[in-house]
Amino acid sequence: MQSSEAKKGSSWVSSGVLLALGGALPGLVLASKWQQISNMGPACQSTALAAVDTTFIITATVFLSMGSWFGTQQYGDTPSYPGPFVEQDGTRSPPSFFQAYVVLVPLLLGIIAPTAGLGLLVWQDDAYLGASTLGVYLVEVAAQLISEGVYLKTKTAMWPQVPQVYQTYRIWQLIRGCYLVGQVGGPQWLWILHAMLIMLWVFNFGAVMTWTPWLYRWHLQPFENGQKDGYNSGQKTD
């Protein structure tokens, strides 16, 4: 029994270690070796950046899976996550202008504009720079969208964590892109696009953090008369 409790208690430590080793360490190693990599040419730069970002995507996938597994081990079969902004009676109540925000900000500015910029770089025979900046960025965005779709479909409570994990890395990824554009003398519009994307995702991250209590339905957690949502004094009831 004590061993089982210790295993549960160490879950947050192992998750943090995994994210640090797979998310931060490869980027730090890349930064320390960047001068040597730069001397090898743009193809090596693109390959190195793609390898670091792929390592993060794999790490994030394992990290989120660990979170789901640890939750199942700790609490067993719990009520499934109904989705964002769903009230107790099943109605959905997103914030005002939420759908318009999703279309105009993350979709238009966060995906369509960088895709158009990548196409322009390829057309201008600057494909390596495009792959090293907007290319790896779009792959990371696609990985987040796929993860969100999977977790939302399976109705797991880890779903709100997906954008928080990916957006934190994305901001660093875009700052890295700004330095790269300046280093190789890339077009000014590409640097401006990166700066705009940084501001966009910092803003969006703040919005996600603001929505987190409602995404998790924390306002439905207080118990009424000792029982709520199939639980009694914190224990699941039949």
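The shown structure was predicted, so the numbers you read here are calculated from the model rather than taken from an experiment.
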Assess the residue pair Val184 and Tyr179 against the criterion (side chain to side chain contact (heavy atoms under 4.5 Å, CB included)); give the C-alpha distance rounded to whole Å, side-chain angles, the decisive distance to 0.1 Å, and a yes or no. CA-CA 9 Å; Val184 302; Tyr179 279 106; over 6 Å; no

[Y] side chain reached by [X] side chain, heavy atoms, under 4.5 Å:
| X | Y | answer |
| --- | --- | --- |
| Val162 | Met158 | no |
| Ile57 | Val139 | yes |
| Leu64 | Trp159 | no |
| Leu190 | Leu134 | yes |

Single-linkage hydrophobic cluster, 4.5 Å side-chain cutoff, [X] and [Y] together:
| X | Y | answer |
| --- | --- | --- |
| Phe205 | Leu104 | no |
| Ile175 | Val52 | yes |
| Leu49 | Met40 | no |
| Leu121 | Val181 | yes |
| Trp123 | Leu129 | yes |

Leu197 vs Ile171, test: side chain to side chain contact (heavy atoms under 4.5 Å, CB included). Steps then yes/no. CA-CA 8 Å; Leu197 290 171; Ile171 293 168; over 6 Å; no

Could you grab the distance from atom [atom1] of [X] to atom [atom2] of [Y], nearest 0.5 Å is fine?
| X | Y | atom1 | atom2 | answer |
| --- | --- | --- | --- | --- |
| His194 | Gln173 | NE2 | CD | 8.0 Å |
| Met199 | Leu174 | CE | CG | 12.5 Å |
| Met66 | Ser15 | CE | OG | 4.0 Å |
| Phe56 | Thr61 | CZ | OG1 | 8.5 Å |
| Leu120 | Thr115 | CG | OG1 | 12.5 Å |
| Ser147 | Phe63 | OG | CZ | 12.0 Å |

Answer yes or no: is there a donor N or O on one side and an acceptor on the other, between the side chain of [X] and the main chain of [Y], under 3.5 Å?
| X | Y | value |
| --- | --- | --- |
| Thr154 | Tyr151 | yes |
| Asn39 | Gln35 | yes |
| Glu140 | Gln167 | no |

Check [X] against [Y] and note the closest heavy-atom contact, atom names and distance.
| X | Y | value |
| --- | --- | --- |
| Leu109 | Pro114 | O-CD, 3.3 Å |
| Val165 | Ala60 | CG1-CB, 4.0 Å |
| Leu180 | Ser132 | CD2-CB, 3.5 Å |
| Cys178 | Ile198 | SG-CD1, 3.9 Å |
| Tyr128 | Pro42 | CB-CB, 3.8 Å |
| Ala48 | Leu30 | CB-CD1, 3.8 Å |

Derivation and outcome, side chain to side chain contact (heavy atoms under 4.5 Å, CB included), residues Leu145 and Ile111: CA-CA 11 Å; Leu145 294 176; Ile111 298 177; 4.0 Å; yes

Please determine if Asp53 and Arg176 form a salt bridge, counting it only when a charged side-chain N lies under 4.0 Å from a carboxylate O. yes

Start with the C-alpha distance between Glu148 and Gln144, add both sets of side-chain angles, then the distance that settles side chain to side chain donor-acceptor pair (under 3.5 Å), and finish with yes or no. CA-CA 6 Å; Glu148 287 194 49; Gln144 176 186 331; 2.6 Å; yes

Quick one: sort the Tyr137 and Trp201 rings into parallel, tilted or perpendicular, breaks at 30° and 60°. tilted

Does Trp34 form a side chain to side chain donor-acceptor pair (under 3.5 Å) with Gln45? I'd like the steps, not just the answer. CA-CA 8 Å; Trp34 185 248; Gln45 289 181 356; over 6 Å; no

